[in-house]
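Just below is one structure, and these are the notes that go with it.
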Amino acid sequence: MTEAMDSLESAQTRRAIIKSALVVAGGMAVTACTTKTASVAARPMPLPVAPVPIPVKTVPASTARNITPQGIRPELFRKAIASLNRHSMRIPMHDRIAIADFAIPSYRPRFHIVNLGTGRVETLLVAHGIGSDPQHTGVLQNFSNAVGSEATCEGSFVTSDYYVGKHGMSQRLEGLDPTNNNALDRAIVIHSAWYSNPEMISKWGKLGRSQGCFAVGEQDLARLFERLGQGRMIYSAKV
């Protein structure tokens with residue numbers, strides 16, 4: 001009887017010891033977690049790192065800016081460069097520009113893409129707006145910035161984003177001058193059109209007319225997009 005009681009007490013004692021050990025261990029675990037949490041909370045957070053600015057891709061001024069490229073009228077080129085300098089903060093890319101010479105009739109190439117680093121020029125056909133030539137003479141008569149005029153507008157533009165519209169792949173333009181600051185509202189864009197293809201000249205002696213957009217031949221659009229891209233200037237004038 002005594003042995004049985006001793007055995008029972010011993011078992012109870014072992015259970016009590018095990019229970020106490022578990023409680024202590026649990027308390028240590030809780031304490032450890034609390035300490036760790038407090039340590040993490042007290043750790044200073046790193047300061048946010050400022051984003052590294054992306055360098056603007058520009059080409060240093062070269063003699064090409066001071067010497068009129070072949071095929072472009074000197075006064076028109078000087079005005080285009082002056083406009084590029086005036087709007088330089090709003091035009092990210094300064095390595096190439098386009099100059100639309102609307103003093104030239106539509107049957108002649110008059111949209112010049114100029115590499116300002118080398119002086120190299122590529123020239124394309126481009127249409128002018130219906131409102132700029134109501135009698136369809138093939139020669140631009142006047143500019144207009146008015147909404148609904150369907151006329152070509154004068155001044156400097158910066159090329160913007162691409163989209164697919166009723167003329168297929170197109171590119172929006174932002175007007176930088178008071179003479180063309182309605183360009184976005186008027187949807188004055190770059191696109192291709194059948195009426196700007198060279199075949200129109202052999203058949204009619206002139207191109208068709210746009211609604212004020214820079215409409216180029218269907219085979220020229222990809223090359224124009226490649227040369228200009230986004231963030232470059234187009235200068236439109238009749239000097």
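Just so it is clear, the model here is predicted, and its values are computed rather than measured.
- Within a 6.0 Å sphere centred on NZ of Lys238, other residues, nucleotides and ligands contribute more than 12 heavy atoms.
- More than 12 heavy atoms of other residues, nucleotides or ligands shown are found within 6.0 angstrom of CZ on Arg223.
- A 4.5 Å side-chain heavy-atom check between His112 and Phe77 finds every atom pair outside the cut-off.
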Evaluate the side-chain contact (heavy atoms from CB on, under 4.5 Å) criterion for residues Met93 and Gln230: first the C-alpha distance (whole Å), next the side-chain angles of each, then the deciding distance (0.1 Å), finally the verdict.
CA-CA 8 Å; Met93 310 291 279; Gln230 294 178 263; over 6 Å; no

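- Residues Gln219 and Asn197 share a closest heavy-atom pair of N-OD1, 4.5 Å.
- Within the 4.5 Å cutoff, no side-chain heavy atoms of Gln141 are placed close to those of Gln135.
- Ser160 contributes no side-chain N or O that, together with a main-chain N or O of Leu173, makes up a donor-acceptor pair within less than 3.5 Å.
- Remark: Arg227 pairs with Glu122 by the salt bridge (Lys or Arg N to Asp or Glu O under 4.0 Å) rule, at least two apart or across chains.
- Counted within 6.0 Å of OH on Tyr195, heavy atoms from surrounding residues, nucleotides or ligands total more than 12; the atom is thus considered enclosed.
- Relative orientation of the Phe214 and Phe102 rings is tilted, given thresholds of 30° and 60° on the angle between their planes.
- For Arg96, the salt bridge (Lys or Arg N to Asp or Glu O under 4.0 Å) criterion is met by no residue, not counting sequence neighbours.
- Checked by atom type, the side-chain pair Arg186/Ser149 shows a donor-acceptor distance below 3.5 Å.
- The side-chain heavy atoms of Val216 and Val126, taken from C-beta on, include a pair separated by under 4.5 Å.
- Not a single donor-acceptor pair under 3.5 Å links the side chain of Ser106 to the backbone N or O of Lys206.
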Does the side-chain contact (heavy atoms from CB on, under 4.5 Å) test come out yes or no for Arg232 and Asp95, once each step is laid out?
CA-CA 8 Å; Arg232 291 186 174 88; Asp95 54 344; 2.8 Å; yes

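- Using a distance-only test at 3.5 Å, with no hydrogens or angles considered, a donor-acceptor pair links the side chain of Asn182 to the main chain of Asn145.
- Two residues are said to be in side-chain contact when any heavy atoms from C-beta on lie closer than 4.5 Å; Leu176 and Ile91 meet this criterion.
- Considering only heavy atoms from C-beta on, Leu116 stays 4.5 Å or farther from His94 through its side chain.
- Using a 4.5 Å heavy-atom threshold, the side chains of Trp194 and Met200 count as touching.
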Pair Asp101, Arg110 - check salt bridge (Lys or Arg N to Asp or Glu O under 4.0 Å), show working.
CA-CA 5 Å; Asp101 186 353; Arg110 54 184 179 172; over 6 Å; no

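- Residues Val189 and Met169 do not share a hydrophobic cluster, clusters being chains of Ile/Leu/Val/Met/Phe/Trp/Tyr side chains in contact below 4.5 Å.
- Using a 4.5 Å heavy-atom threshold, the side chains of Asn180 and Phe143 count as separate.
- Counting only heavy atoms from C-beta outward, the side chains of Phe111 and Asp220 never approach each other to under 4.5 Å.
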